[in-house]
2 protein chains.
Amino acid sequence: MPSKPLPPITMDAVYAAPGYLFRRMQQIAVSIFMEECKAFDLTPVQYAALIAIHTHPGIDATRLSAVVAFDRSTLGSVIERLQAKDYIERKPAPEDKRIKLLHLTRSGAAILREIIPAVERAQARMLEPLKPADRKVLMDLLGQLVDLNNEASRVPLRAEDALEHLGKAG
Amino acid sequence: MPSKPLPPITMDAVYAAPGYLFRRMQQIAVSIFMEECKAFDLTPVQYAALIAIHTHPGIDATRLSAVVAFDRSTLGSVIERLQAKDYIERKPAPEDKRIKLLHLTRSGAAILREIIPAVERAQARMLEPLKPADRKVLMDLLGQLVDLNNEASRVPLRAEDALEHLGKAG
DNA sequence: TGTTGATTGACAGTATACTGACGATCTAGG
DNA sequence: CCTAGATCGTCAGTATACTGTCAATCAACA
């Protein structure tokens with residue numbers, strides 16, 4: 001008995017699949033970011049971490065991972081690299097010896113100030129090929145989808161709620 | 001002179017940035033794919049490569065990278081893993097000693113046949129939280145955007161044109 | 001024909017991402 | 001007080017992704 005043939009599969013079906021488009025768009029977005037920010041030696045992930053540390057000074061790594069929705073293991077090496085570049089510093093928490101608190105250095109605040117225009121150019125470029133109205137529709141739907149699918153990812157975004165217990169150790 | 005303060009930055013601005021949403025959605029999509037396909041030991045990338053090899057039997061690695069828009073270096077290890085799992089085989093091309101031709105094995109065709117329903121469930125789940133009409137709008141706009149931004153990525157999709165010279169060595 | 005330039009696969013190096021495990025530490029319950 | 005369970009940072013292992021380089025090979029031109 002001959003083996004059953006595969007159903008008709010075309011690459012066009014792959015190209016139109018949501019998963020493929022998401023992966024491809026992510027590739028493109030990173031590429032544009034790196035191009036606009038090539039003067040700064042900061043990756044998109046490092047940039048997001050830096051912003052989050054700026055917004056939440058004294059945050060610890062676990063809470064930071066919830067705020068930016070990075071895997072905690074991944075974040076460890078991201079933090080190491082930011083520290084090696086002298087953009088952040090880690091100080092042990094006096095009340096909990098397991099925790100290391102994260103702060104921007106003067107250098108980190110400076111690079112953030114300088115890179116922001118480039119990042120905004122990059123973000124604009126990603127959507128530039130679409131008509132302004134379509135950009136808004138796309139971002140709106142994608143925002144909804146990411147939010148509604150939050151729990152489907154291994155590292156759900158916890159945003160501000162993740163910080164509720166910060167400093168309430170007593 | 002005191003250092004200029006950073007412009008007001010909120011995490012909300014980050015959460016709404018295109019690049020952030022694209023990265024997040026990609027995370028979620030991979031997570032859903034792996035969950036639906038956990039019985040198969042195939043990653044999204046390996047799946048796409050397998051489909052492309054099925055669609056273009058005898059393709060070589062460089063052209064495959066153009067057809068699925070993977071980096072060539074990355075594709076090398078992907079091919080290695082697919083070969084280790086006995087899903088594909090590589091045969092040296094008689095007319096060009098640099099090239100190795102890729103074909104599905106019987107095993108590879110079988111796994112493809114079995115995994116396709118799971119992949120389709122995964123693709124559907126990614127969009128499920130949206131209303132059907134919104135799904136269509138999102139996919140349409142994202143498809144446009146990826147297409148229009150194709151050249152912005154380091155590894156542009158070349159699809160079928162990449163295959164034009166296949167077998168025309170004379 | 002002989003050499004230049006392009007192509008192919010491979011490799012080293014860096015940076016996300018995730019899984020699973022581990023010791024150190026803290027918290028709660030008894 | 002003291003132990004059971006939770007949490008924190010870290011590490012090992014695997015899998016994309018990309019940059020840049022290299023030798024082998026091929027094609028094209030002088």
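To find a chain, count down the sequence lines: A is the first, B the second, and so on, and within it residues start at 1. Values reported hereafter were calculated over all heavy atoms of this structure, with side chains retained and with hydrogens, waters and symmetry mates removed.
- Atom CD1 in Ile99(B) sits about 12 Å away from atom P in dA10(C), given to the nearest Å.
- Residue-to-nucleotide proximity on DNA chain D shows that, of Gly76(A) and Ser153(B), the 5′-proximal contact is made by Gly76(A).
- The side chain of Ala61(B) has dG9(C) as its nearest neighbour among dG9(C), dA12(D), dG20(D).
- Of the possible polar contacts, none joining the Arg72(B) side chain to the Ser65(B) backbone as a donor-acceptor pair under 3.5 Å is found.
- Nucleic acid contact class of Asp71(A) (heavy atoms, under 4.0 Å, all strands): base.
- When the nucleotides dC11(D), dC26(C), dG9(C) are ranked by their closest atom to the side chain of Lys97(A), dC26(C) comes out on top.
- A salt bridge links Lys85(A) and Asp41(A); the closest N-O separation between the charged side-chain nitrogens and carboxylate oxygens is under 4.0 Å.
- Regarding Leu82(A), its CG atom lies at a distance of 15 Å from the P atom of dG9(D), rounded to whole Å.
- Distance Asp60(A) CG to dT10(D) P: 11 Å, rounded to the nearest Å.
- As a whole-Å value, the separation of Gln83(A) CD from dT10(D) C1' is 14 Å.
- In this structure, Thr62(B) reaches the sugar-phosphate backbone alone: every heavy-atom distance under 4.0 Å involves primed, P, OP1 or OP2 atoms, never a base.
- For residues 14-34 of chain B, the set of pairs meeting the salt bridge (Lys or Arg N to Asp or Glu O under 4.0 Å) definition, not counting sequence neighbours, is empty.
- Phosphate contact (OP1/OP2 of dC8(D), side-chain N/O of Arg63(A), threshold under 4.0 Å): present.
- We find that NZ of Lys100(B) is positioned 12 Å from C1' of dA24(D), with the value rounded to whole Å.
- The nearest whole Å value for the distance from the CD atom in Glu80(A) to the C1' atom in dG9(D) is 11 Å.
- Outside the 6.0 Å centre-distance limit, the rings of Phe22(A) and Phe22(B) are not counted as a close aromatic pair.
- Taking only side-chain nitrogens and oxygens, Arg81(A) comes nearer than 4.0 Å to OP1 or OP2 of dT16(C).
- Across the protein-nucleic acid pair, Leu75(A) atom CG and dA17(C) atom P stand 11 Å apart, rounded to whole Å.
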Show your working on side chain to side chain contact (heavy atoms under 4.5 Å, CB included) between Arg81(A) and Gln46(A) and close with a plain yes or no. CA-CA 8 Å; Arg81(A) 280 183 282 274; Gln46(A) 290 168 14; 3.9 Å; yes
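- Spacing between atom CZ of Arg72(B) and atom P of dC11(C) amounts to 14 Å, rounded to whole angstrom units.
- Using a cutoff of 4.0 Å between basic side-chain nitrogens and carboxylate oxygens, Glu35(A) and Arg125(A) are scored as salt-bridged.
- Closest to the side chain of Thr74(A), from the set dA6(D), dC18(C), dA12(C), is dC18(C).
- DNA chain D is contacted by Arg23(A), Gln27(A) of residues 20-51 of chain A, taking any non-hydrogen atom closer than 4.0 Å.
- At a cut-off of 3.5 angstrom, the base of dG20(C) holds at least one donor-acceptor pair with the side chain of Ser73(A).
- Using a cutoff of 4.0 Å between basic side-chain nitrogens and carboxylate oxygens, Glu151(B) and Arg158(B) are scored as salt-bridged.
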